[in-house]
Every structure is written in structure tokens, then in C-alpha cells.
Amino acid sequence: MKATVIATFFGVFLTCTYTAKEATKKTKKAKLYFALTDVPQIDCDVKAGKIINPEFIAKCPPGCQDVKYRVYGTDIYASFSSICNAAIHSGIIDNTGGKILVQKVAGHSGYRGSFSNGVRSLSLPRWRESFLVSEGKPRKGVTYPSTLEYSSSKSTAVKSEPKKPEQDLKGTKSADTAKTSEKASDQGDTVHKAHQTTPVPTSVTQMATTTPTPTTTTTEPSTTVPQPTTTPAATRTTAAPAKTGPGLHRVREMGSSSVHPAYASVVAAAARQVQAAQGRGQNTAMEIDSWKPGLSLFDTGFSTKEELNPKPLESISQGNQNCKVDLSFLMDGSWSIGKRRFQLQKRFLGNVAQALGIGSAGPLMGIVQYGDDPSTEFNLKTYANSKDLRNAIEKIQQKGGLSNVGKALSFVNKNFFLDANGNRGGAPNVVVVMVDGWPTDRVEEASRLARESGINIFFVTVEAAAQSEKQNVIEPNFVDKAVCRTNGFYSINVPSWFSLHKAVQPLVKRVCDTDRLACSKTCLNAADIGFVIDGSSSVGTGNFRTVLQFVANISKEFEISDTDTRIGAVQYTYEQRLEFNFDKYSTKQDVLNAIKRISYWSGGTSTGAAISYASEQLFSKSKPNKRKIMILITDGRSYDDVSLPAMAAHQNGVIAYSIGVAWAAPDELEAIASDPAKEHSFFVDEFDNLYRYVNQLIQNICTEFNSQPRN
């Protein structure tokens with residue numbers, strides 16, 4: 001009897017223990033499910049490169065499977081791809097949306113395009129950063145951010161209370177917040193004021209050293225950005241001196257209870273810079289601001305594979321690596337500016353140099369002074385840090401003369417951005433033109449040639465012509481004629497020389513926004529592309545429409561405008577017909593509509609005559625500094641010789657690609673194509689397979705462009 005009671009008791013005990021364990025498991029699962037159901041949501045157009053967090057879980061909305069949300073790569077994607085459409089391409093989610101895990105990894109030398117899960121991804125020769133997408137489940141031991149931090153254009157960080165670990169995945173961003181933030185970032189003349197979750201020092205007092213601790217305190221987020229000034233009072237500081245010591249500096253962290261090791265090293269670097277600034281007696285606010293713009297973990301040398309392993313932050317002497325541009329300032333040295341305003345101009349240039357963060361791995365800056373004739377004060381490789389550059393600017397003497405801006409732009413275009421002068425090739429070329437009032441010569445033609453050489457032109461105009469002086473103005477709208485886009489991004493007008501200091505931050509922000517430097521010459525905006533299309537009777541109406549779709553698919557990948565890539569088309573049979581010339585359409589939509597309207601001709605196949613016709617009617621009218629690219633599509637052997645017309649086109653600088661279908665002759669395709677023929681000629685067995693070569697063709701064009709020296 002006693003044994004029976006004991007056995008019964010033990011059985012009840014085991015049953016209760018099992019029930020309790022199961023209840024605990026369900027509770028943990030419920031908590032985890034709760035934590036994952038409200039992760040931060042991102043929009044379809046959000047690119048991985050715009051989010052600073054190295055690893056995060058996010059929720060994609062429905063409807064992201066659209067060609068306008070570009071994807072570059074397969075399995076591993078270039079960071080300027082749409083995150084959500086990449087997730088659809090990889091099969092992690094479908095067009096209804098869902099949660100995904102994103103991990104940043106290092107850049108690759110090539111990305112392969114493919115068609116997968118209803119999404120066409122594009123190929124790319126190289127990019128500086130990549131990312132992986134996987135199922136939206138947290139990895140063991142990794143704490144994910146409750147809000148995502150965006151670089152300059154967006155921010156979703158909000159003030160929040162410290163959270164428990166199981167709540168760390170709750171997001172607070174709404175779509176309305178993102179749209180509002182993006183709209184605010186487009187106001188070119190305002191300094192970006194979005195909250196940032198990366199620990200950024202905002203005053204010396206807040207950077208005071210504390211007892212070593214791996215955690216951070218949560219305080220009210222600041223909404224102001226320190227502004228450099230040019231008044232003597234700017235050299236004074238009222239903040240208490242920071243204590244020295246090995247301790248971790250206590251900073252502000254919003255919505256997180258722990259700090260990533262990468263953040264700690266960034267914070268420590270900032271603290272060292274503040275202390276160095278105090279030691280030199282310089283403007284502490286400006287020192288902090290020059291460190292701050294756009295700093296992200298990946299730009300400081302971190303890489304992610306399975307785990308994120310921190311690497312030492314590069315020395316500050318390397319410069320702001322988020323702003324790698326080759327910059328030339330055209331400073332106004334004309335007599336009309338006067339000695340006092342010339343000094344204000346030099347002070348402005350010094351402040352810009354300080355705010356940029358000059359360095360060998362960041363922005364490099366040279367100065368050309370213009371008057372009657374331009375001359376280089378110093379080039380890109382002369383100074384590699386802001387301090388030496390500012391000292392050199394202070395020693396510049398005024399030239400005098402007229403304000404010949406057009407002559408100065410021509411000089412820069414031909415002489416400044418040379419390898420011998422420090423031009424790095426991979427960095428965008430930027431010219432900032434300072435103008436007191438108005439130029440005394442024409443700028444439109446010189447600006448156009450400079451833009452077509454890949455130079456981004458910014459104008460900072462100070463004051464304007466007086467009413468009595470307006471009759472002497474040669475080009476009243478010279479700024480709009482000179483810059484790449486007339487949307488206000490490339491021009492800043494300052495009403496007075498004494499308020500010039502207010503333009504420092506807006507200018508630095510724009511110059512460093514490399515994603516918006518649309519005028520930088522790349523493989524996508526540097527060519528005149530002429531399509532030579534076989535309209536012979538063997539093609540047929542249905543296949544001809546397939547060919548036009550192939551032409552449109554290639555065209556839409558390029559940046560099309562009167563100053564970027566231009567498109568022209570010729571159709572041929574026995575005869576030839578100019579469908580439209582390079583200067584006919586200046587927008588992408590107009591070009592695509594024109595391609596759609598091309599009517600099928602039908603007839604014989606005289607390919608040689610078509611090449612000669614395209615050389616005379618299209619490429620003889622190509623712009624200087626533009627690559628001339630001919631893409632010829634044919635489905636059969638030509639009735640005439642193709643080798644001599646093709647050779648003449650090659651000798652005139654035309655890069656020829658040949659695409660053969662069905663009965664096209666391989667020997668003729670090779671004769672038409674530029675050397676090496678295997679990279680410039682393609683063959684498919686039927687028209688429906690033409691689409692396979694869209695990405696390959698674009699990749700070859702880009703690879704060839706990137707391997708050539710810049711103009």
C-alpha cells in the first residue's frame with residue numbers, strides 16, 4: 001500500500017513538472033512571437049545602403065514586386081538595391097510582403113543579374129557594399145535594433161524607454177514618418193535635423209568621461225546640429241573640460257539597452273577628437289560636426305559575414321570616408337569683390353575644408369582662383385588634411401581682373417582633374433564656383449563640356465547685380481544654364497557676403513551626397529547609343545515587337561537626358577530609315593514611347609549599307625566626350641559586305657555590339673563587333689531568348705567603361 005501511494009505521488013509530480021515545462025515553453029514562444037510581430041517596417045524603395053544598421057529584421061509591405069524597385073545581383077546584392085524586391089527575388093518573401101533578416105557584407109567585384117521569382121535583377125561590375133537577405137528569424141545571440149537608423153535622407157529613430165531583451169525587436173517607425181523625413185531631407189538649404197541612433201557627441205559636456213561600463217544611458221535626443229561660425233567668438237568654448245582616462249564615454253542611445261562594439265569604437269574616436277580640439281584651442285562644435293556627417297559602421301571598416309567582427313577605426317587623418325569626392329573650388333579673385341569680401345570668401349573656404357574632413361581616403365580639395373585668367377593655387381594632392389589646407393587658404397593673395405567664369409570652367413575641365421594633379425578616378429569630380437554678382441563672360445558652353453566630362457558643377461552666388469548693373473549682365477540665367485539640374489540642388493544663393501557662413505553646412509551636405517551627384521560620368525550616362533534594327537521580311541511582325549522590347553529593356557537602364565546618355569535608332573532592309581536621332585528625345589519616357597511606335601518595315605537584308613548609314617546619320621552627330629555605341633540586331637546573312645563599313649565605323653570611334661538571331665552568320669557578327677569580338681557579339685537561337693543578353697550587354701558596356709581612363 002505504501003509503495004502504491006509513493007508511486008502515485010511520483011507520477012503526479014512528473015505530470016505537474018511536464019505540464020509546467022510545457023507552459024513555460026509556450027510562454028517563451030508567445031513572448032518571442034510577440035517580439036517579432038511588430039518589427040520596423042520599411043518601404044519598397046528603401047535601399048540597403050541607406051540603412052546604417054549592420055544587421056536587422058524588418059517588415060516589407062505588399063506590392064514591392066515592381067521593376068521601378070531596382071535589384072542588382074543574385075543571392076548577394078549590391079547595397080543600392082531595393083531590400084524588399086531583393087527579398088522577393090531571392091524567394092524569402094512574395095509580393096504580399098513579410099519579415100526578413102538583412103545582413104550587410106563587404107562589397108564585391110561583380111554582381112550577376114538573373115530572373116527569379118518574377119523579379120529581374122541586373123548585373124553590375126562592382127560596388128562598395130553588399131547585403132544578404134534571409135528568413136526573418138533572429139539569430140542566436142544577436143540583439144536586433146527596435147528602430148532602424150537611416151543615413152542622411154531618412155531617419156526613424158524616436159525617443160523610447162529602455163526595453164527588456166524580448167522586446168528589442170519592436171519597431172516604432174511608420175510609413176508616414178519615413179515620408180515626412182524624406183520630404184524634410186529634400187529641403188536643400190536646411191541642415192539635416194533627424195534624430196540619429198548612432199552615438200554622436202553633441203556637446204563637450206555630454207562627452208565627459210565616466211566609470212567604464214558596457215552600457216549606455218538613455219536621454220532626451222537632441223534635434224540640433226552644431227553650426228560652424230566665422231566670428232571671433234567661435235574660438236571660445238564654455239563647456240567643461242573632458243576628463244581624461246580609459247573609461248568608455250557615456251552617450252545617448254535611443255531605444256536600445258546595449259551598445260554594439262562597433263559603436264563603442266566610434267564613440268571613443270569621437271571623444272579623442274574632442275579632446276584634441278580642446279588641446280589646439282579650436283572650435284569644438286566645428287570639430288564634432290566635421291566628424292559627424294553620414295558616419296556609418298561600414299564606412300569605418302567593419303564587415304559582416306556570419307558574425308560582425310569589429311576592426312580598428314581608421315585614423316582621422318584618412319578623412320571623412322563617407323564623402324570621397326575630388327573637389328575643385330573656383331574662387332572669385334576679381335577686383336569687384338574687394339579686399340574685405342575676398343577675406344570673407346577665404347574664411348568660408350576654410351570652414352568648408354574643416355567641415356568636409358579632408359583626408360586621403362575622404363574628400364580632397366584644390367583651389368583655382370580666377371579673374372582675367374584662371375590659375376591653380378594648389379591641386380588635389382597638395383594637402384591631405386583640413387588644418388594644412390586652411391593655413392594655405394589664408395595665404396592666398398587676390399589676383400584682380402574681371403570675373404571670367406566661363407574661361408575658368410574651361411581651364412578646370414582641361415587641366416585640373418588629371419591623374420598627375422591627384423585625380424583618383426573612382427571619386428566623383430566636383431567643381432564649386434564662387435561668384436560675386438555675375439560673370440563677365442559666357443558660361444553655358446564651358447559648363448556643358450565640363451558636365452559631359454563627368455564634372456558636377458555647383459554654384460554659390462553671393463549678392464546679385466544691382467538694378468543699374470543688370471543691363472551689363474551677359475547671361476541673366478547663367479546658373480540654370482551651367483548646372484546639371486535646375487532643381488535647386490546644384491545652386492545656393494547667398495544674399496550677403498556677411499551671411500556666407502550659413503551656407504557651409506548646406507553646401508557640404510550636398511557635395512557629400514554622392515547618391516545625388518547625377519552628373520558624375522558613369523557607364524549609364526556617358527554615351528550616345530544607336531540601335532541598328534533589322535526589319536527584313538524574315539523577322540516577322542511578332543518577332544519585330546520582341547526586338548523592340550529588347551531595345552527598350554536596354555535603353556531604360558541608362559540615365560537619359562540631353563546631358564546624359566542619348567538614344568537613337570535606325571531600321572533597315574534593302575534601304576535604311578532614321579527612326580529618331582540622338583537629339584530628338586531628352587527623357588527616358590519619351591525614348592521608350594518612341595521605340596514602341598517604330599513600325600515594322602519588311603524587305604531584304606543589307607546590313608553593310610545600314611552600318612554606313614548609321615555612321616553618317618547618327619554617329620557623325622554624336623557629342624564630344626560621349627562614347628559612341630552601336631548595337632546592331634539581325635536575324636540573317638547580309639546581302640552586302642559588312643566588314644568594310646564596320647571597320648570604318650570602328651576607326652571613327654564607334655564601339656560596335658552585334659546580336660544575331662536564328663539564321664545570322666557568325667562570321668559577319670564577329671566582323672561587325674569591336675575587338676575583342678567575344679565580348680561584343682552575341683547569338684540566340686530564337687527571338688524570345690533575346691532578353692537573356694540584356695544584363696550581359698549592360699555589364700559589358702560598364703566593364704569596358706570602367707577600364708578606360710576618365711576624360
Side-chain angles (χ1 to χ4, degrees), residues 125 410 413-414 417-419 423 425 429 445 448-455 519-533 551 554-555 557-570 572 576 578-584 586 591 607-634 638 641-659 668-682 697-711:
S410 296
N413 187 26
K414 295 175 183 177
F417 293 107
L418 303 175
D419 292 345
N423 183 51
N429 292 160
E445 180 65 12
R448 181 183 67 81
L449 293 175
R451 293 197 310 268
E452 290 176 358
S453 294
I455 297 173
C519 301
S520 290
K521 193 173 184 181
T522 70
C523 61
L524 302 181
N525 69 355
D528 282 342
I529 301 177
F531 291 93
V532 181
I533 306 167
V551 171
I554 294 173
S555 300
E557 296 305 320
F558 289 84
E559 298 296 334
I560 296 174
S561 76
D562 58 347
T563 57
D564 294 315
T565 286
R566 304 185 303 170
I567 305 292
V570 167
Y572 74 94
Q576 307 83 36
L578 180 64
E579 300 294 351
F580 53 89
N581 214 326
F582 291 134
D583 59 0
K584 180 70 173 177
S586 59
V591 166
T607 307
I611 295 172
S612 297
Y613 180 85
S615 296
E616 296 169 3
Q617 299 298 320
L618 275 178
F619 296 108
S620 64
K621 300 172 183 178
S622 186
K623 283 187 176 184
N625 297 325
K626 291 287 186 184
R627 290 179 306 147
K628 295 180 283 189
I629 297 177
M630 178 175 70
I631 300 176
L632 184 143
I633 308 108
T634 182
S638 176
D641 175 64
V642 300
S643 57
L644 289 178
M647 187 182 301
H650 299 163
Q651 291 173 349
N652 288 326
V654 176
I655 302 169
Y657 288 85
S658 57
I659 293 92
E668 289 187 348
L669 295 177
E670 290 186 7
I672 294 168
S674 295
D675 290 330
K678 66 178 181 179
E679 295 179 6
H680 293 84
S681 62
F682 307 91
L697 189 60
I698 294 170
Q699 181 177 4
N700 284 19
I701 290 173
C702 285
T703 301
E704 188 172 52
F705 174 82
N706 290 328
S707 66
Q708 295 173 346
R710 292 167 63 89
N711 290 325

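None of the values given here were measured: they were computed from a predicted structure.
In this structure, CD on E679 lies 12.0 Å from CG on L697, to the nearest 0.5 angstrom. To the nearest 0.5 angstrom, S622 atom OG is 13.0 Å from M630 atom CE. A distance of 7.0 Å separates OG1 in T634 from CD1 in I672, rounded to the nearest 0.5 Å. Between atom OG1 of residue T565 and atom CD1 of residue I629 there is a gap of 7.5 Å, rounded to the nearest 0.5 Å. Distance check: N581 CG to K584 NZ gives 9.5 Å after rounding to the nearest 0.5 Å. S555 OG to I631 CD1: the interatomic distance, rounded to the nearest 0.5 Å, is 7.5 Å.
Residues E579 and I533 form no side-chain contact, since every pair of their non-hydrogen atoms from C-beta on lies 4.5 Å or further apart. Using a 4.5 Å cut-off on side-chain heavy atoms (C-beta onward), F558 and D564 make no contact. When side chains are defined from C-beta on, V570 counts as touching Y613, because their heavy atoms get closer than 4.5 Å. A heavy-atom distance below 4.5 Å is not found between the side chains of K621 and D583.
The side-chain contact (heavy atoms from CB on, under 4.5 Å) search around S643 returns D641, A671, not counting sequence neighbours.
Between the side chain of S561 and the backbone N or O of S586, no donor-acceptor pair lies under 3.5 Å. Without hydrogens or angle criteria, S658 side chain to L632 main chain gives no donor-acceptor distance under 3.5 Å. Formation of a donor-acceptor pair under 3.5 Å by the Q617 side chain with backbone atoms of L578 is not found in this model.
The shortest heavy-atom contact between I633 and Y572 is O-OH, 4.1 Å. Across every non-hydrogen atom of I529 and F582, the tightest pair is O-CE2, 3.3 Å. The shortest non-hydrogen separation linking A569 to L618 is N-CD1, 4.2 Å. Nearest approach of K626 to A527, heavy atoms of both residues: CD-N, 4.0 Å. The two residues S674 and H680 come nearest to each other via the heavy atoms O-ND1, 3.3 Å. When all heavy atoms of L669 and S681 are compared, the closest pair comes out as O-CB, 4.0 Å.
The aromatic rings of F682 and Y657 sit parallel to each other, their planes meeting at less than 30°, with 60° as the upper class boundary.
Of the residues K623, R566, K628, the one that meets the salt bridge (charged side-chain N to carboxylate O under 4.0 Å, His left out) test with D528 is R566.
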(message) Please determine whether side-chain contact (heavy atoms from CB on, under 4.5 Å) holds for the pair I455 and F417, giving the CA-CA distance in whole Å, both sets of side-chain angles, and the decisive distance to 0.1 Å.
(response) CA-CA 9 Å; I455 297 173; F417 293 107; 3.8 Å; yes
